[in-house]
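One structure is given here, and the rest of the page talks about it.
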Amino acid sequence: AAHSLFVDFSYKGRCGRLIFLQKCGKIRYLIPTGGIHSTSHYGAARLKKGGTRSAVTGGAAVWRPAVSRVVLTTGRKRMRRHRFQGPIAMAEVILKNIKKIYPHQEPKKKKKGEPEKKNNLQITEEGVLAVDNFNLHIQDKEFIVLVGPSGCGKSTTLRMVAGLEEISGGELYIDGKLMNDVAPKDRDISMVFQNYALYPHMTVRENIAFPLKLRKMDKAEINQRVEQAAEILDITEYLDRKPKALSGGQRQRVAIGRAIVREPKVLLMDEPLSNLDAKLRNQMRAELIKLRQRINTTFIYVTHDQTEAMTLGDRIVIMKDGVIQQIGTPQEVFNHPANLFVAGFIGMPQMNFYDAELVLEDGQYAVVLDGAKVTLPEEKQAKLKANGAAAGPITLGVRPEHLILSGDEGSMIHGTVDVSEMMGSAVHLHVSACGSDTIMIVPTTELESTSAFTIGSPIAFTFNGVMAHLFDRNTQKNLEV
């Protein structure tokens, strides 16, 4: 009795009737009209101004609204029209005094003959301190690499950003919003795992499209994004294959595609290349560099491989036992390591270390090693004086590529060749000198003959003071920093 005006309509094969209530001037109900599956459909329409009303005989439609958006509900499912969201959102990530503590657990009974596991992490009354006082400000579109040995807390930090680990202390901000208590699905982030985590019963297309289907996106938009991601990652020809028919590198591309198709604010990667062989790892590393240039988002990448860290990152965060050791660009970390750990971790082969003596004569610093004396250049002299470095025992660090075979007689160090490795463009020499094993990299262009250094033959070498790194023997900190 309250209404007499209606309009029949169909939407994607589904029929219904919109009823106009004359008393209040609003549409209140949708009555099914017996169309295809119509008895299970209910919906509503938001009307814009400008709808027209006209009298039609025989009870025909008399209201023709201008519909801005139609929502249909079928049981539990909801279908909406979505628009393309545009370019990938960018966001800065701020970690303030982040801390992670794992509560104490009852120790397991030790088996006979089982060695004790060494753990350098700090243990407090609350539990094991896995990450302590982590402070980092990541800019928009920046590629940050967390690197360090196993157990240093890098993956734990990444999982706290993702929301997969609870933050014990500190504050996490993404795009200016506090995220400590926000669910992972609401943080607008994507994550690529070490083991791919692909659905084996789905095709590549279905794997990549899965997060978009969960968002109830339009099929056309899903197909567009999947095709775009596949083109970026060069996996278009594999879209109809199952994961078992793909190589390791192809599976990793699919996992990356599933992450970037969501257009996240932050893209997290947890050692994505560690399961690949050396050749494929180098290839995928180059692919990641190209991918970074093609999509605009913030990257946080975790690895234990310092080569990946040096080649991929805008900045590197080096961690040990849950504590940040140094943050800097690859070149800064390589040329000016903050401490002994960073110096030994970054660089391949590892830096050579010697127990040496820092002497100060006539206002000039010099390094004495096994009777050889090398005066430091003016730049290092100024830094040491500014930091008030005192003469005394130090740890001297020199990289293998910075040892040279020629120099003044008073600066030469003598040793014996133990191993000679021909690497093509260079020869790697393992030398016994100064009571320790020394590695030298000698370019083949500097050798008269590749067989010049045989096992057991004597050798004399020195180093340029510009390339020397001086560390306090007690604190292990760089004396120039």
Side-chain angles (χ1 to χ4, degrees), residues 87-93 136 138-148 154-155 157-159 161-162 188-198 204 207-208 211 225-239 243 246-319 327-331 333-334 346 348:
I88 294 177
M90 297 177 291
E92 65 177 5
V93 180
L136 180 63
I138 305 173
Q139 302 292 339
D140 282 341
K141 298 194 297 182
E142 190 174 15
F143 199 124
I144 287 289
V145 179
L146 307 183
V147 64
K154 55 188 185 295
S155 291
T157 303
L158 190 76
R159 290 172 65 84
V161 175
D188 199 6
I189 54 96
S190 287
M191 188 165 181
V192 179
F193 296 92
Q194 180 178 352
N195 59 353
Y196 316 137
L198 300 177
V204 170
N207 266 283
I208 297 176
R225 291 197 184 187
V226 170
E227 293 287 345
Q228 184 181 6
E231 183 180 354
I232 290 175
L233 297 166
D234 196 22
I235 54 174
T236 304
E237 58 185 300
Y238 310 123
L239 286 176
L246 303 177
S247 66
Q250 292 164 351
R251 292 181 191 180
Q252 195 57 272
R253 291 185 190 184
V254 176
I256 295 173
R258 185 177 57 187
I260 67 174
V261 77
R262 291 185 54 194
E263 299 179 352
K265 290 181 178 179
V266 185
L267 183 56
L268 311 177
M269 294 187 173
D270 188 7
E271 302 195 36
L273 308 184
S274 60
N275 289 340
L276 307 180
D277 59 61
K279 183 177 180 181
L280 197 54
R281 192 181 302 123
N282 292 337
Q283 179 183 345
M284 280 303 299
R285 192 165 64 236
E287 293 294 334
L288 285 176
I289 295 174
K290 295 177 184 177
L291 173 66
R292 189 272 174 91
Q293 296 171 350
R294 299 184 67 174
I295 65 174
N296 293 321
T297 190
T298 304
F299 284 80
I300 305 179
Y301 188 100
V302 163
T303 182
H304 64 272
D305 187 345
Q306 55 94 16
T307 303
E308 289 179 23
M310 294 289 288
T311 55
L312 292 174
D314 293 329
R315 285 191 297 160
I316 303 174
V317 181
I318 303 171
M319 299 182 65
I327 302 174
T329 65
Q331 202 63 42
V333 170
F334 185 84
I346 297 297
M348 189 62 65

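- To the nearest 0.5 Å, atoms CG (D234) and CD (E287) are separated by 7.0 Å.
- With sequence neighbours left out, the side chain to side chain contact (heavy atoms under 4.5 Å, CB included) criterion links S190 to A259, R262, P264, L267.
- Taking the salt bridge (Lys or Arg N to Asp or Glu O under 4.0 Å) definition, one finds that E231 meets it with nothing, sequence neighbours left out.
- For A162, the side chain to side chain contact (heavy atoms under 4.5 Å, CB included) partners two or more places apart in sequence, or in a different chain, are L164, I189, M191, L268.
- Counting only residues at least two apart or in different chains, ring pair (Phe, Tyr, Trp, His ring centres under 6.0 Å) contacts with residues 256-280 are absent.
- Side-chain atoms of R258 never come within 3.5 Å of backbone atoms of N207 as a donor-acceptor pair (strictly under, hydrogens ignored).
- Taking the salt bridge (Lys or Arg N to Asp or Glu O under 4.0 Å) definition, one finds that R159 meets it with E165, sequence neighbours left out.
- In terms of the ring pair (Phe, Tyr, Trp, His ring centres under 6.0 Å) criterion, residue partners of F299 (sequence neighbours excluded) are, by chain and number, F143.
- With sequence neighbours excluded, the residues satisfying side chain to side chain donor-acceptor pair (under 3.5 Å) with Q194 are S274.
- Listed by chain and number, the residues in a side chain to side chain donor-acceptor pair (under 3.5 Å) with T303 are E308 (sequence neighbours excluded).
- At a threshold of 4.5 Å between non-hydrogen side-chain atoms, the residues L288 and I256 count as touching.
- In this structure R315 satisfies the salt bridge (Lys or Arg N to Asp or Glu O under 4.0 Å) test together with E142, sequence neighbours excluded.
- E271 meets the side chain to side chain donor-acceptor pair (under 3.5 Å) test with H304; sequence neighbours excluded.
- For D314, the salt bridge (Lys or Arg N to Asp or Glu O under 4.0 Å) partners at least two apart in sequence or on another chain are R292.
- In this view, Y196 satisfies the side chain to side chain donor-acceptor pair (under 3.5 Å) rule with no residue, not counting sequence neighbours.
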